[in-house]
Trainee: 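Here it is: the structure, laid out below.
From a predicted model like this one, the values you see are computed outputs, not experimental measurements. When a residue number appears, it is its place in the shown sequence, counting from 1.
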Amino acid sequence: MRFFSMLITTTCALALVVDPTLGLPIDSPNVPPQKVLSNVVSSPRLNSPFAWIRKQSPFLSSYSDSSEDSDFESWLSVQSSRSFEGILANIGPDGVNVAGQNVQPGVVVASPSHDHPNYFYHWVRDGAITMLALVDEYARAGNVSVKTLIDDYVDNVRITQWTPNPSGQIGRGGLGEPKFEVDGRAFVGTWGRPQRDGPALRAITLISYARALQDRDGASIDSLRYLYDLIKPDLEYVSKFWASPGFDLWEELEGLHFFTAMVQYRALLLGKDISSEFNDDGAARWYHTQSNGLKRFLLSFWDEERGYLVETLASPRSGLDTAILLGSIHGGSESVFPIYSDSIIATLQALVADMRARYPINEQDSLDSDSLPMAVGIGRYPEDVYAGGDTDNSDDLGNPWFLCTATVAHILYGLVEHLALSNSGLTISNLTADFYLPFLSPTPDIKPDYCDFSATAMWSRSAPILRFMPRSKEAEQVISSIFNYADGFLRILRKHADEQGNMSEQFDRNTGFMRGARQLTWSFQSVLGAIEMRDRAIAAIEKRRAYFERFDF
């Protein structure tokens, strides 16, 4: 609450004023895989949304459409395409990084690295997350070549589910096996198993594909029975094992994990609906019951004393972990921990504050020349000691990761989208004060529509202490500042990627050079997802602009 002293003297003059007219409505040809890129990510980049917003706030007068900003926009367009291309390059059998290496159709190779570290495997989790990006692209554009890759993946799921492995076999724990050889055989080496997020993520991807086939192709529910036959075993696994411990998504810690529970919750919510459509009513009721239990369970990851969510229950670690943010992206819903929720934003704030001081490459002023927070490279979690498998240079300290840094940007863009479309203005609670207040200039002309610094409010983390109307200068200021802040995280990735847009697993905490597994599929996917969320945020701001101009506010 270090910013309160700057605000108290200037913010408590006005009582709550509500003007309902200021609310915003929330609207409720076959080609080979290497040619897919020409039909993907083809929409032009949207223009800067701030030309209009700048008029509303003197604070934004320093923001200009400079050549540097134009160059960044151009990079975003190119990197979006290159990220998609990087994903395709790691999918068997014909991806340019895996061709001729006995990679089966539909297998998503985590990285072409064979040593230091060896990531030349198909992880169930990584594969499902990656394929969901292709499903989303097919749902948008109907690209036939993308559909071919998805169908190959579906065929591979059928094989993988029935492959006996060290975790067991289908119906007896085998679906919790985390990874497989690229030729489809079980991986039999020592590993952190079981990992219970894979079946949930795979179910989410397959259900999403079924919806895409319905919406784009007009597929009947009966014609999708082959997908439901693959979805149901994964849903059954999730529904029966969600309360059982397993290894986290980083494959290091055994226990009960936020990321795993979040994606399990989303899978069961989606599973309830699709089961009903297949007249599998008993299963639908069962999934509904279990999802309610999971929802209550998820609340236990909130640590009131620390003021943020923890990734693993009863862990000796601090609990801060980028996996929490990933859980909100891949498993969040309107009913529990969406990416714009106070709990997620407070956790993001605590994680970024830790990372700012953790890595030498992040050593810089915490505020930029305009006294606004600056982006930094983000690692997995504070206690991380994995340096990317570089046995020659490892000193048991972790590094920032491309996917983790992109994840913070993704969350921030999602928050901007929510604020831009919200009809309730900006509400700052004790819980989110450390995040929001740096984006507000502590000047005498800040006049919130509501403020409460009473003893009662100050002792409650969830208590609202400041509220600004949707059309206020301060609300516009915060939206634009958070958008610029999010851009900063992508600018960091631009700095550390190579000239071809390749991104490895990590970048060195001292030098910034790439380390770890090269051309990591998940790095490409996370950057692509962040850029797509940025486009959504811009569209929301433009919708906000159009609404205000329509009513001449």
Side-chain angles (χ1 to χ4, degrees), residues 90 92 98 101-104 107-130 156-157 159-202 234 237-238 241-242 244-257 259-260 263 311-317 321 323 379-381 383-399 401 403 504-506 515-518 520-522:
N90 290 343
V98 301
Q101 300 182 67
N102 200 26
V103 179
Q104 294 301 298
V107 164
V108 179
V109 178
S111 161
S113 292
H114 286 269
D115 51 41
H116 303 306
N118 181 7
Y119 280 15
F120 206 74
Y121 297 99
H122 173 84
W123 268 269
V124 175
R125 170 182 49 254
D126 298 36
I129 289 173
T130 300
N156 179 258
V157 168
I159 295 170
T160 300
Q161 285 183 334
W162 285 91
T163 299
N165 57 69
S167 294
Q169 54 188 321
I170 191 167
R172 298 183 180 180
L175 297 183
E177 183 67 10
K179 72 177 185 179
F180 291 81
E181 303 284 356
V182 298
D183 61 3
R185 293 178 296 120
F187 173 77
V188 296
T190 302
W191 208 251
R193 53 169 69 92
Q195 294 177 28
R196 305 192 190 278
D197 54 357
L201 288 162
R202 191 163 56 194
D234 283 341
Y237 182 91
V238 170
F241 288 102
W242 65 262
S244 301
F247 279 82
D248 67 333
L249 83 165
W250 308 127
E251 308 185 296
E252 297 172 346
L253 194 63
E254 189 171 14
L256 295 167
H257 314 289
F259 174 85
T260 303
V263 297
E311 165 58 13
T312 302
L313 296 180
S315 167
R317 295 178 181 172
D321 198 311
R380 297 189 298 175
Y381 53 89
E383 300 84 359
D384 194 7
V385 297
Y386 176 60
D390 187 347
T391 56
D392 295 328
N393 298 303
S394 176
D395 51 4
D396 293 328
L397 290 173
N399 297 300
W401 284 46
L403 78 89
S504 63
E505 179 182 62
Q506 309 173 27
R515 294 183 63 167
R518 62 186 176 92
L520 189 74
T521 309
W522 202 350

Trainee: Report the residues that fulfil side chain to side chain donor-acceptor pair (under 3.5 Å) with Glu251, sequence neighbours left out, ordered by chain and then residue number.
Mentor: Trp123, Trp191, Gln195
Trainee: Less than 4.5 Å apart, any side-chain heavy atom of Ile129 and any of Leu201?
Mentor: yes
Trainee: Roughly how far, to the nearest 0.5 Å, is CZ of Phe247 from OG1 of Thr312?
Mentor: 11.0 Å
Trainee: Side-chain contact test, heavy atoms from C-beta onward, threshold under 4.5 Å: evaluate it for Asn165 versus Arg193 and give yes or no.
Mentor: no
Trainee: When Asp248 is tested against each of Arg196, Glu254, His257 for side-chain contact (heavy atoms from CB on, under 4.5 Å), which residue passes?
Mentor: His257
Trainee: What distance do Thr160 atom OG1 and Arg185 atom CZ have between them, rounded to the nearest 0.5 Å?
Mentor: 13.0 Å
Trainee: Is the backbone of Asp197 close enough, under 3.5 Å, to the side chain of Thr260 for a donor and an acceptor to pair up by distance?
Mentor: no
Trainee: Considering residues at least two apart in sequence or located in another chain, which fulfil the side-chain contact (heavy atoms from CB on, under 4.5 Å) criterion with Ile159?
Mentor: Thr163
Trainee: To the nearest 0.5 Å, what is the distance between OG on Ser111 and CZ on Arg518?
Mentor: 6.5 Å
Trainee: What residues, two or more places apart in sequence or in another chain, satisfy salt bridge (charged side-chain N to carboxylate O under 4.0 Å, His left out) together with Asp321?
Mentor: none
Trainee: Tell me the closest heavy-atom pair linking Ser113 and Ala517, and the distance in Å.
Mentor: OG-CA, 3.6 Å
Trainee: Can you name the nearest heavy-atom pair linking Tyr119 to Val109, along with the distance?
Mentor: O-CG1, 4.1 Å
Trainee: Can I get a per-line list of side-chain donor-acceptor pairs under 3.5 Å for residues 167-176, giving both atom names and the distance, sequence neighbours left out?
Mentor:
from	atom 1	to	atom 2	distance (Å)
Ser167	OG	Glu177	OE1	2.5

Trainee: Might you point out which heavy atoms bring Ala387 and Leu397 nearest each other, and give the distance in Å?
Mentor: CB-O, 3.5 Å
Trainee: For Arg317 and Glu383, indicate whether the former's side chain and the latter's backbone hold a donor-acceptor pair under 3.5 Å.
Mentor: no
Trainee: Run Phe259 and Arg125 through side-chain contact (heavy atoms from CB on, under 4.5 Å) and show every step you take.
Mentor: CA-CA 12 Å; Phe259 174 85; Arg125 170 182 49 254; 4.2 Å; yes
Trainee: What is the minimum heavy-atom distance between Ala186 and Pro164, and which atoms define it?
Mentor: CB-O, 3.4 Å
Trainee: Take Lys179 and Asp126, measure what side-chain contact (heavy atoms from CB on, under 4.5 Å) needs, and give me the verdict at the end.
Mentor: CA-CA 9 Å; Lys179 72 177 185 179; Asp126 298 36; over 6 Å; no
Trainee: When you measure from the side chain of Thr521 to the backbone of Ala110, do you find a donor-acceptor pair of N or O atoms at a distance under 3.5 Å?
Mentor: yes
Trainee: What residues, two or more places apart in sequence or in another chain, satisfy side chain to side chain donor-acceptor pair (under 3.5 Å) together with Thr130?
Mentor: none
Trainee: Roughly how far, to the nearest 0.5 Å, is CG of Asp115 from CZ of Phe120?
Mentor: 12.0 Å
Trainee: Provide the closest heavy-atom pair for Val182 versus His122 in the form atom of the first, atom of the second, distance.
Mentor: CG1-N, 4.4 Å
Trainee: Which heavy-atom pair separates Trp250 from Ala323 by the least distance, and what is that distance?
Mentor: NE1-CB, 4.0 Å
Trainee: Could you label the plane-to-plane angle of the Trp401 and Tyr386 rings as parallel, tilted or perpendicular, counting under 30° as parallel and over 60° as perpendicular?
Mentor: tilted
Trainee: Which residues pass the side-chain contact (heavy atoms from CB on, under 4.5 Å) test with Val124, sequence neighbours left out?
Mentor: Phe180, Arg202
Trainee: Quickly, which of Gln506, Glu311, Glu252 forms a side-chain hydrogen bond (donor to acceptor under 3.5 Å, both in side chains) with Arg380? Name it, please.
Mentor: Glu252
